[in-house]
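Worksheet for the structure shown next.
Quick note on labels: first sequence line is chain A, next is B, and so on, each numbered from 1.
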Amino acid sequence: MNTMSTAGGSLVAEQFEDIEQQRSAAQLGMWIFLATEVLFFGGLFLGYTVYRSLYPQTFAAASHHTEVILGGTNTGILLFSSTLMALAVRAAELRNRKQLVWLLLGTAFLGIVFMTIKGVEYHKEFLEHLVPGSRFEWHEANRSHAEIFFWLYFAMTGLHAIHVTVGIFVLLTLAALACLGKFTGGNYTSVEVTGLYWHFVDIVWIFLFPLMYLAGHR
Amino acid sequence: METITLSPKLYWKTCGALIALLALTWSISYVNLGFFNLVIALAISISKALLVALFFMHIRRSSRLLHLAATAGVIWLLILFSLTLGDYFTRDFLRPSSSHKVRPEQFHAAP
């Protein structure tokens, strides 16, 4: 029965027996969503695998045109942001409001830095005519195969970037709510499942980095 | 309530391991190992993903039900890959003259 409540209202929604059941339902829901996300990205990874196996040399050549220093830095930034996110969940569990707010803001900030660097990369690639379409320019062999690489590059990093953007907005919302003490009263499920989402987005990039930036040796 | 509180030290150690693996995959890409560049890069990526899942996503301490949901995503991904690649990589087997090198155009000819 629902006996836990705070000034801000009940901690446990009506349909749940207790807070533990509510928490495990939220976690299961997020993990099932992440399983669908694995398949969502999986289709693109599959397309990449098929085309890379068909055109290995062109994919290696095209990969050399990506900005490996910016991409590698971004990988480090996402790994670091995941660490802050894990610490944020810990702070929520320990009901440390101040630390939670700062860690959520820090995670969101690193997400914004990631998107800024990604934007710089896209801008460079746009100026170098690497965006597929009528303005695509390729001075090496197999233009259309290189175009397929860049189509996959923009589709996959773009879809990932959309996920990061969504994550940033969710993190900022959570930070605002955390500031009001919403998650330090015993129910931090939202912080926990957002953490799962953020770590998943990190894992996607962990695979994108070597496939996009390091295809073939440099 | 099941507790997940771990010491911050563990998170920072995981972070250090992830950054070290990033440095490793990046530096190995400057050495020409042929096909093994890809094999090593993927092995490192899978290790990094496992570190994130085990320590940041707390898979280690989650219930069986969550293990099932997490594994289901990976298993369905493997089905997606094995059936599709099983098709693409074996099309040449059924052609009359299997001695010729398969031409990529043929992949797109099939409906």
> For the candidates B:Ile28, B:Leu18, B:Asn32, which exhibits the highest count of non-hydrogen atom pairs separated by less than 4.5 Å from chain A?
Replying inline: B:Asn32
> When only pairs under 4.5 Å are counted, which of B:Gly34, B:Ala23, B:Ala70 shares the most heavy-atom pairs with chain A?
Replying inline: B:Ala70
>> For B:Leu42 and A:Leu211: C-alpha separation, side-chain torsions, deciding distance, then whether side-chain contact (heavy atoms from CB on, under 4.5 Å) applies.
In response: CA-CA 8 Å; B:Leu42 283 179; A:Leu211 293 179; 4.2 Å; yes
Distance-minimising heavy-atom pair for [X] and [Y]:
X	Y	result
B:Phe56	A:Ala86	CD2-CB, 3.7 Å
A:Gly72	B:Leu22	O-CD2, 3.8 Å
B:Ala69	A:Leu28	CB-CD1, 4.0 Å
A:Ile203	B:Ala53	CD1-N, 4.4 Å

Chain B contact via [X] - which portion, at a heavy-atom distance below 4.5 Å:
X	answer
A:Phe209	side chain
A:Leu84	side chain
A:Val204	neither

> Name the one of B:Thr14, B:Ile19, B:Leu51 that satisfies side chain to side chain contact (heavy atoms under 4.5 Å, CB included) with A:Leu79?
Replying inline: B:Ile19
Answer yes or no: are there more than 12 heavy-atom neighbours, outside [X] itself, under 6.0 Å from its atom [atom1]?
X	atom1	value
B:Ile79	CD1	yes
B:Tyr30	OH	yes
A:Phe109	CZ	no
A:Phe150	CZ	yes

Approximate separation, where rounding is to 0.5 Å, of [X] [atom1] and [Y] [atom2]:
X	Y	atom1	atom2	value
A:Met85	B:Met57	CE	CE	11.0 Å
B:Leu21	A:Thr75	CG	OG1	12.5 Å
B:Ile40	A:Leu214	CD1	CG	12.0 Å
B:Phe55	A:His199	CZ	NE2	13.0 Å
B:Leu77	A:Leu46	CG	CG	8.5 Å
B:Phe89	A:Ser53	CZ	OG	3.5 Å

>> Applying a heavy-atom distance below 4.5 Å, give me the residues of residues 30-38 of chain A that approach chain B, sorted by number.
In response: A:Trp31, A:Ile32, A:Leu34, A:Ala35, A:Val38
> Under the side-chain contact (heavy atoms from CB on, under 4.5 Å) test, which residues partner A:Glu121, sequence neighbours left out?
Replying inline: A:Glu67, A:Leu70, A:Asn74, A:Ile117, A:Lys118, A:Glu125, A:Tyr153, A:Tyr213
> If you count heavy-atom pairs under 4.5 Å with chain B, which of A:Gly76, A:Pro56, A:Ser82 comes out on top?
Replying inline: A:Ser82
> Taking the side chain as C-beta and beyond, is there a heavy-atom pair between A:Leu87 and B:Trp12 under 4.5 Å?
Replying inline: yes
[X] versus chain A, the contacting section by heavy-atom distance below 4.5 Å:
X	result
B:Asn37	side chain
B:Leu78	neither
B:Ile46	both

> Where do A:Val68 and B:Trp26 land on the side-chain contact (heavy atoms from CB on, under 4.5 Å) test, with the steps shown first?
Replying inline: CA-CA 9 Å; A:Val68 71; B:Trp26 197 344; 3.6 Å; yes
>> Suppose we screen for side chain to side chain donor-acceptor pair (under 3.5 Å). Which residues come up paired with A:Thr66, at least two apart in sequence or across chains?
In response: none
> Tell me the side chain to side chain donor-acceptor pair (under 3.5 Å) pairs involving residues 97-113 of chain A, sequence neighbours left out?
Replying inline: none
